[in-house]
Structures are given as C-alpha cells and as structure tokens.
Amino acid sequence: MNALDIRSLKKTYTNGTNALKGVNLQVAKGDFFGLLGPNGAGKSTIIGIISSLIRKTSGSVKIFNTDIDKNFALAKSFIGITPQEINFNQFETVEDIVLNQAGFYGMPKKLARERLDELLGKLRLEDKRKEVSRNLSGGMKRRLMIARALVHKPKLLLLDEPTAGVDIEIRHSIWSFLEELNSLGTTIILTTHNLEEVEILCRNIGIINSGHLIEDTSLRGLLSQLDSESYILDLENEVTDSQIADFPELKAIDKHQVEININKKDKKEKSLNSLFVKLSDKGIAIRSMRNKNNRLEKLFLDLISTS
Ligand code: ADP
C-alpha cells in the first residue's frame, strides 16, 4: 500500500505563480523518503497541500488510500507534520503544547499524558516539561515540534527541514530517533537541504525542480550514477605544496588533509593501496581516511542544472 499517492497535482497561487505543474508521486508504506529541490521548487507547497494548509488547484492526494477531498478528517488523522518555521505559542509550556495538540485529535487525557511522557523521554526533553517554550534552545524547539507532531501516533510523518539550525550532537540524536521510529513502521517524508542527512536516512528520493518531479529513485540508484567516489585523508604531519605536487591524483584541502577521487571503474582497494605505498615512500603518513560527505551534492546540482 502507498502511504502517499499524488496524481497530476497542480497549484497556481492567486498571484499567478505555477508552483506545481502536474506532480505524480507515490511513497510506499514504511518508506523513509527524501523530497529534495532548490529553494522555490515547490516542496513546501506539496507538504502544505498534503497537510491541507494549502488548497490545491487540481489533481488528487491520497493518504493511505484516503482521498483528502473525500474524507479529510480521516486523511488528516494519519499525518503528523513539523513545519519549517517554529510555530508554537512561545508562552506555553512544553507539556501544554504537546497536550493541547493531543486535545485537537480528541485523545483521552490519560492516554495523552502517557504519550507525552514517552515522547519527552525519547526526545530528551523530560527536564524541560514545565519550561515555557521561548526559553528552549533551537535544538530543543525542533525536538518539541517532533514530539507535538507525533502525539497522536500518525502513520505518516512529514518533516520540513527537521534539523535546520541544530548542532551536531542533537542532529545525530534526532537522526537515531527518526531511524527507530521508521523501523517501528512510521512512514517518513523529509525535506532537507542537508544531503548528508538524506544519505544517512532516506531509502528513496524525489527531486523537484520548478514544479516538476525530475527524479524519483532509490538512494542506491542515485548514488550508482556517480562515476567516482571521494575520500579525505588526514595526514600525520604537515605537508608542503611541493610534496603534494608529486601526486597529481591528490587535491590539498589544507596542510593536514588531502582529497582523492577514485573512478569507480578502477579497483578502489588497489588504487588506495598503491597510493599509500607511494605516500609512505615519500615519508607522508596517513592518520585516518574517511568517505567524503555529501556525495550527493554534485549529482544533485547536475540534475537540477540540466532539468
Ligand atoms: P520550496 O519549498 O521548494 O522552497 P515553495 O513551495 O515554497 O518552494 O514555492 C514554490 C513557488 O511558489 C515559488 O515560486 C514561491 O515563490 C511560490 N509561492 C509559495 N507560496 C506562495 C504564496 N503564498 N503566494 C504566491 N506564491 C507562492
């Protein structure tokens, strides 16, 4: 079954902007799906229409087989959403924000409290439950948005830039929380500008540009289009430009780090091994090596520039 089934979706705003020009998109139940695209591509318009904050011009949207035009209340009960903008009452406490949301969904008070305890625990907000929300840090506000979106146990979670402005440690804790949630069966659709986030979390990806869906594929499929992989080598000691000049395959990032691009047609281990031997002959020792993050970035930029 599809968690989301969008057909021929169009949106023209009253000022004449054609934000969506006939989008078809299906997201399977249980998927972790990344919706990507440059600013102004139409991502928020799609999320807004799914969550019924924005009225579509034409086309259909079904959530778990329920058409939003036919049974809006049921379709809405399947969805939890965290918008990009922090939009709760800054003077309410953390627990009131979550409990009021439960009230909107008609949840019994006892159940709502149990759910509150569970979510504040998992999202590491327990000690902030009596705090008014404006006193929370940016990362805590993001986690509170997620707690609020999940209080009624939605089957589909829509996250619009969930880790924007969040520090690395909290970002990682949000990622593990979302991974666990997805492994327990919640379908998640994520929009983000952070391609590392996409690579870590998403199984499938849609790329939208100027109101058209230009790519709809698995993360693995997309990455396989890359013909090379980049690695960063951390060096034990400082290297000079002239030392690096002996290795045309290396690009210096700074005095302690170099980057190497390996074509997929070459055998990765063989290329790296022979490089390590040559480096060691020149007295250059490697402390560690890692896959360069944001492998998707170049591919993404190529796709949107050619669409
Ligand atoms: P994204 O989320 O990918 O950045 P949006 O869905 O916000 O893109 O915007 C898609 C297009 O629709 C843009 O050209 C944007 O300027 C326009 N747009 C968004 N909201 C409105 C609105 N309320 N009125 C008019 N145009 C809008």
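Just the heavy atoms: all of them, side chains too, but no hydrogens, waters or symmetry mates, feed the values below. In listed order, ligands and their atoms are each counted from 1. In this chain, numbering begins with 1 at the start of the sequence shown.
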Inset, instruction - Supply the atom-to-atom distance Arg143 CZ to Ser137 OG, rounded to the nearest 0.5 angstrom. - result: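 So the gap between those two atoms works out to 6.0 Å.
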
Inset, instruction - Let me know which protein residues bring a heavy atom to under 4.0 Å of ligand 1; chain then number is fine for ordering. - result: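 Heavy-atom contacts below 4.0 Å: Tyr13, Asn15, Thr17, Ala19, Pro38, Asn39, Gly40, Ala41, Gly42, Lys43, Ser44, Thr45.
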
Inset, instruction - Could you verify whether a donor N or O on one side chain and an acceptor N or O on the other, from Gln257 and Asp254, lie under 3.5 Å apart? - result: yes

Inset, instruction - Would you kindly check if the NZ (Lys) or CZ (Arg) of Lys155 is within the cone defined by 45 degrees around the ring axis of Phe64 and under 6.0 Å from the six-membered ring centre? - result: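 Checked: cation-pi criterion met.
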
Inset, instruction - Would you mind checking if Asp69 and Lys56 are paired as a salt bridge, meaning a charged N to carboxylate O distance below 4.0 Å? - result: yes

Legend entry - Arg129 atom CZ, over 12 foreign heavy atoms within 6.0 Å: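 Count over threshold, so yes.
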
Inset, instruction - Determine whether more than 12 heavy atoms belonging to other residues, nucleotides or ligands lie under 6.0 Å from atom CD1 of Ile168. - result: no

